[in-house]
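Structure record follows, encoded as structure tokens.
From a predicted model like this one, the values you see are computed outputs, not experimental measurements. Whatever order the structure lists them in is the order used to number ligands and atoms, beginning at 1.
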Amino acid sequence: MTAKIKMRSQLHLLTGFMAGFVLAFVLLLYVYDVSRVTPCWSSSSTMSTMATVGMEDEPTPPRILCMVLTCPENLDSLAKTVYDTWGKRCSHLIFASSEDYEPLGVVRVVEPSGGGYEDLWNKTREGFRHVWEHYGGDYDWFLKADDDTYMVMENLQHLLSGFDPDTPVYLGYKMSRYNVSYMSGGASYILSRQALHRFMTKAYESEVICPQPKKMGIEDFYMGICLQNVGVHFVDSAQALDGDKKPKFMPLDLENYLMDANSTIPEWLRLMSFSQVETGLRCCSNYSVAFHYASRERMFLYEFLIYHLKVFSTNQISERIHSSRISLSDLMRRFPLEDNSNIKDLLQMSEKPDNF
Ligand SMILES: *[C@@H]1O[C@H](CO)[C@@H](O)[C@H](O)[C@H]1NC(C)=O
Ligand SMILES: *[C@@H]1O[C@H](CO)[C@@H](O)[C@H](O)[C@H]1NC(C)=O
Ligand SMILES: *[C@@H]1O[C@H](CO)[C@@H](O)[C@H](O)[C@H]1NC(C)=O
Ligand SMILES: *[C@@H]1O[C@H](CO)[C@@H](O)[C@H](O)[C@H]1NC(C)=O
């Protein structure tokens with residue numbers, strides 16, 4: 001009882017802080033998010049992808065519903081690329097936008113006027129409401145990503161396999177502003193079924209527990225407030241795998257981390273991160289899950305490097321020397337010498353022919 005009253009007064013205090021800091025947040029937005037490539041935030045769509053297969057009585061891999069926030073301007077570019085790459089590996093993929101779009105199964109969750117970056121918090125809330133109403137009982141985990149996030153779904157499934165979806169869990173890249181913890185939104189975050197249940201039944205409607213929509217793009221910060229007020233556990237992905245303390249959801253473009261110099265890491269990231277920010281190849285877990293600021297080109301690059309490119313082992317190289325090295329006669333047959341009889345007048349060749 002006392003604890004409840006204490007919590008309420010803390011909540012009121014928090015609401016007070018919120019109001020007081022609204023102006024500061026606007027400034028923060030400019031200070032911290034200037035480098036943000038504006039993904040559009042608009043409607044959502046649904047589509048079925050991979051069917052979940054599971055043998056009876058066998059533990060099945062976690063079923064993950066992916067909710068990707070997008071906007072009408074990004075459908076042909078980023079949303080289509082998500083659909084064609086990592087989105088295929090979700091148990092179910094939904095795009096949340098401000099207009100329906102059948103071909104990708106995009107669903108409108110807010111009014112066309114409510115699709116801008118400053119309405120992101122409302123779009124996130126309404127997106128989760130849509131997902132809750134239509135799929136709340138059907139999936140174990142609910143991912144919120146942006147249309148410029150690239151996900152490695154298998155690594156996410158592995159990470160989530162260590163948690164029970166019926167416990168209240170909120171997982172991602174943990175940050176803090178104004179002593180409020182939250183998971184970076186651009187790096188994506190995941191709610192367990194139980195966490196989504198608490199968000200929808202306890203936080204969503206309450207102005208005391210959960211900030212009501214304002215013209216604010218900082219949906220991740222607001223989500224942090226709502227979830228800590230309804231007893232959800234914040235799991236920093238850097239702490240979620242034994243023996244691997246590296247971050248797994250990268251809030252910056254991976255390229256920013258890979259240069260072994262501090263100039264590419266903004267100071268705010270060090271100030272706001274819970275896990276250590278390192279640069280170079282040690283920056284990120286070998287089992288990383290999410291990369292932010294992915295362009296279309298970058299998504300296809302990730303897709304090729306992660307799912308297509310294979311590297312031969314030393315053994316395979318030796319094996320080939322021993323078993324299938326080509327003989328001289330085969331070399332002659334398959335790769336005959338070039339016909340040089342047509343080469344004439346090389347002495348007349350200009351220094352650099354036009355068509356070189
Ligand atoms: C949030 O979106 C819903 C659904 O479009 C709408 O009814 C509501 O007015 C919006 N709220 C704000 C504050 O924009
Ligand atoms: C965060 O909490 C500390 C310790 O209570 C306090 O000193 C500091 O002023 C707080 N910062 C903000 C921005 O609220
Ligand atoms: C980067 O900054 C950190 C602390 O801010 C420092 O420990 C580290 O040596 C710096 N690294 C380089 C390569 O300058
Ligand atoms: C990550 O992979 C690289 C390359 O295989 C390896 O050298 C490194 O030790 C790995 N890091 C960890 C923490 O396992």
Side-chain angles (χ1 to χ4, degrees), residues 10-11 13-25 27-28 31-32 41-45 67 69 71-72 96-100 106-134 152 155 158-159 175-182 200 203-207 210-219 221-226 228 237-248 250 254 257-258 260 268 271-272 274-276 278-289 305-306 309-314:
Q10 279 174 348
L11 291 174
L13 189 65
L14 194 59
T15 325
F17 265 93
M18 290 299 306
F21 281 121
V22 158
L23 194 63
F25 293 159
L27 286 172
L28 273 170
V31 175
Y32 291 135
W41 317 105
S42 200
S43 73
S44 84
S45 80
M67 175 177 83
L69 301 192
C71 60
S97 185
S98 54
E99 276 175 24
D100 290 316
V106 178
V107 169
R108 185 181 96 169
V109 298
V110 290
E111 303 302 315
S113 58
Y117 177 71
E118 70 284 359
D119 291 307
L120 188 49
W121 173 224
N122 201 34
K123 195 180 300 177
T124 306
R125 283 167 47 99
E126 294 303 317
F128 273 125
R129 187 164 75 123
H130 175 89
V131 160
W132 169 249
E133 282 170 1
H134 293 84
V152 184
N155 288 355
H158 178 269
L159 204 56
M175 307 183 95
S176 171
R177 264 186 220 183
Y178 290 97
N179 292 337
V180 171
S181 297
Y182 63 97
M200 289 312 305
Y204 180 88
E205 299 280 4
S206 166
E207 283 190 51
C210 199
Q212 292 297 297
K214 297 184 188 71
K215 295 276 175 194
M216 281 294 166
I218 48 175
E219 58 89 9
F221 179 87
Y222 282 170
M223 188 54 104
I225 296 173
C226 303
Q228 70 191 23
S237 62
Q239 306 298 324
L241 268 190
D242 292 339
D244 177 1
K245 300 302 174 215
K246 304 274 184 193
K248 298 167 188 69
M250 311 312 295
L254 182 59
Y257 290 95
L258 293 176
D260 207 354
W268 59 260
L271 291 174
M272 292 166 39
F274 276 78
S275 50
Q276 204 188 337
E278 289 188 84
T279 56
L281 292 171
R282 288 162 281 96
C283 69
C284 321
S285 170
N286 286 353
Y287 295 101
S288 285
V289 169
L305 292 178
I306 296 171
L309 183 70
K310 304 276 191 287
V311 176
F312 286 115
S313 68
T314 315

*Per-atom contacts of ligand 1 with Glu111, taking only distances under 4.0 Å to non-hydrogen atoms*: 5 (O)
_Between the side chains of Lys246 and Glu278, is the shortest nitrogen-to-carboxylate-oxygen separation below 4.0 Å, so that they form an ion pair?_
yes
*What's the shortest distance from atom 6 (C) of ligand 4 to any protein heavy atom, and which residue and atom give it?*
Asn286 ND2, 4.1 Å
_Counting non-hydrogen protein atoms only, what is the nearest one to atom 13 (C) of ligand 1? Give residue, atom name and distance._
Pro213 CB, 3.6 Å
*Tyr178 heavy atoms, cut-off 4.0 Å: which ligand 2 atoms fall inside?*
13 (C)
_Quick check against the 3.5 Å criterion: does Asp100 have a side-chain atom that pairs as donor or acceptor with the backbone of Arg108?_
yes
*Donor-acceptor under 3.5 Å (Lys245 side chain, Ala238 main chain)*: no
*Can you find a protein heavy atom closer to atom 11 (N) of ligand 1 than 4.0 Å?*
yes
*Is it true that the NZ or CZ of Arg177 lies under 6.0 Å from the centre of Tyr182's six-membered ring and within 45 degrees of the ring axis?*
no
*Shortest non-hydrogen contact from Lys248 to Ser237?*
NZ-O, 3.1 Å
*Closest to atom 8 (C) of ligand 1 among Asp119, Asn122, Val110, Val109 (heavy-atom distance)*: Asn122
